Amino acid sequence: MTDTVVSELNISFSHTEFLLMGFPGIMVSRPLLVIPFLFIYVAILMGNSLLIYRIWVEPNLQYPMYWLISLLFAVNLSCTTSIMPKFLLGLAFGLNHISLSGCLIQMYLIYSAIVFESALVLIMALDRFVAICRPLHYHTIMTKRLLIWLNVINVARVLLLVSPIVISFMKVPFCRSNTILSFACENMGLLSLGCGDISRLQVIGLIIRILVSVVDGGILLISYIKILYTAMKLVSGKAQKKALSTCGTHLMVAALIYSCGLLSSIVYRLGTFASVNVQNTISAIYYLLPAAVNPIIYGLCVSEIRHCIEKAYGRGKK
């Protein structure tokens, strides 16, 4: 009886430390992966930080839309920074070990950023809806107070949706391999190492994915259909072109975010049909591509931001 209890305790508390081995199929030239990933990470840090700084110091950009854009850049930085330093250290120096608590913290930060970003894109759609459909009341509706409260609600939503996943993982015994074959600590990678009944965690993950991807994506699509319809109907000439350009930029960013998420989900659902390296590549695209491309999209397509950058660093000084 005593031996049985001790055995169960050993299983429950086994593997409190893991090897986070992204791209396990590349071992010989593994350190060379540091070069492209470090370049991408530095580009993400510089691009997002630069635009955050410009938005907050430029008097012409002190409007709700630009505050929300800068917040999106901050989310990009938080998500990638929760992943890349550990990943780069693992590639360069073989520092692949991570504790269970460290893995869960990384998972919490990643999924918090994803859930927050999804709702933030909806808030940005609301901002455009008010600007185009209720232009005379824009400044009385889209106030700093409203934006603060919307983001407080967003943070509460993050806590409500992400916390159950992390708390549930604390109760899972990990008695299989201690090697996580993932780009980062993701729920699917950890679940593959779990013992016992993990169906509850799978259901929780599916529900949250539906709430975030399907519900948010559906609301976003309906919102922009309404916005574009109103823009085409009520606005004309130069104002119409500007409204459509701004909405098109937001739609481009939203489409990039959701398409990367959809691609990641499809590849993981394929399971054995996709190699581990392919799954890691898709994860890298999911986490890094939007963060790298978003500053370029907004910097080039939003004329006010582009002009401020040109004035500060480029043609404006000539």
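What you see is a predicted model; the values in this text were computed from it and never measured.
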[X] side chain vs [Y] backbone, donor-acceptor pair below 3.5 Å:
| X | Y | value |
| --- | --- | --- |
| Thr140 | His137 | yes |
| Asn280 | Phe183 | yes |
| Ser163 | Leu160 | no |

If I compare all heavy atoms of [X] with all of [Y], which pair ends up nearest, and what's the gap?
| X | Y | value |
| --- | --- | --- |
| Val75 | Ala113 | CG1-O, 3.5 Å |
| Ile110 | Ser82 | CG1-OG, 3.6 Å |
| Arg128 | Thr246 | CD-CG2, 3.7 Å |

All salt bridge (Lys or Arg N to Asp or Glu O under 4.0 Å) counterparts of Arg54, not counting sequence neighbours: Glu58
Which one of Leu263, Leu262, Leu256 satisfies the side chain to side chain contact (heavy atoms under 4.5 Å, CB included) criterion with Cys260? Leu256
Is it true that the NZ or CZ of Lys144 lies under 6.0 Å from the centre of Trp67's six-membered ring and within 45 degrees of the ring axis? yes
Candidates Phe93, Phe37, Tyr287 - the one meeting ring-ring contact (aromatic ring centres under 6.0 Å, His included) with Phe87: Phe37
Side-chain contact test, heavy atoms from C-beta onward, threshold under 4.5 Å: evaluate it for [X] versus [Y] and give yes or no.
| X | Y | value |
| --- | --- | --- |
| Ile40 | Leu289 | no |
| His307 | Ser303 | yes |
| Ile165 | Met107 | yes |
| Ile98 | Glu17 | no |
| Leu300 | Ile296 | yes |
| Glu117 | Ile257 | yes |
| Ser223 | Leu126 | no |
| Leu181 | Gln279 | no |

Kindly list each side-chain donor-acceptor pair under 3.5 angstrom involving residues 214-221, sequence neighbours excluded, with atom names and distances?
| from | atom 1 | to | atom 2 | distance (Å) |
| --- | --- | --- | --- | --- |
| Asp216 | OD1 | Arg157 | NH2 | 2.9 |
| Asp216 | OD2 | Ser118 | OG | 2.6 |
| Asp216 | OD2 | Arg157 | NH1 | 3.4 |
| Asp216 | OD2 | Arg157 | NH2 | 2.6 |

With no hydrogens and no angle check, do the side chains of Tyr63 and His139 hold a donor and an acceptor under 3.5 Å apart? no
Do Tyr66 and Asn60 meet the criterion of a side-chain donor-acceptor pair at a distance under 3.5 Å? no
Which class fits the ring pair Phe174 and Phe169: parallel under 30°, tilted 30 to 60°, perpendicular over 60°? parallel
Test ring pair (Phe, Tyr, Trp, His ring centres under 6.0 Å) applied to Tyr41 - qualifying residues, sequence neighbours left out: none
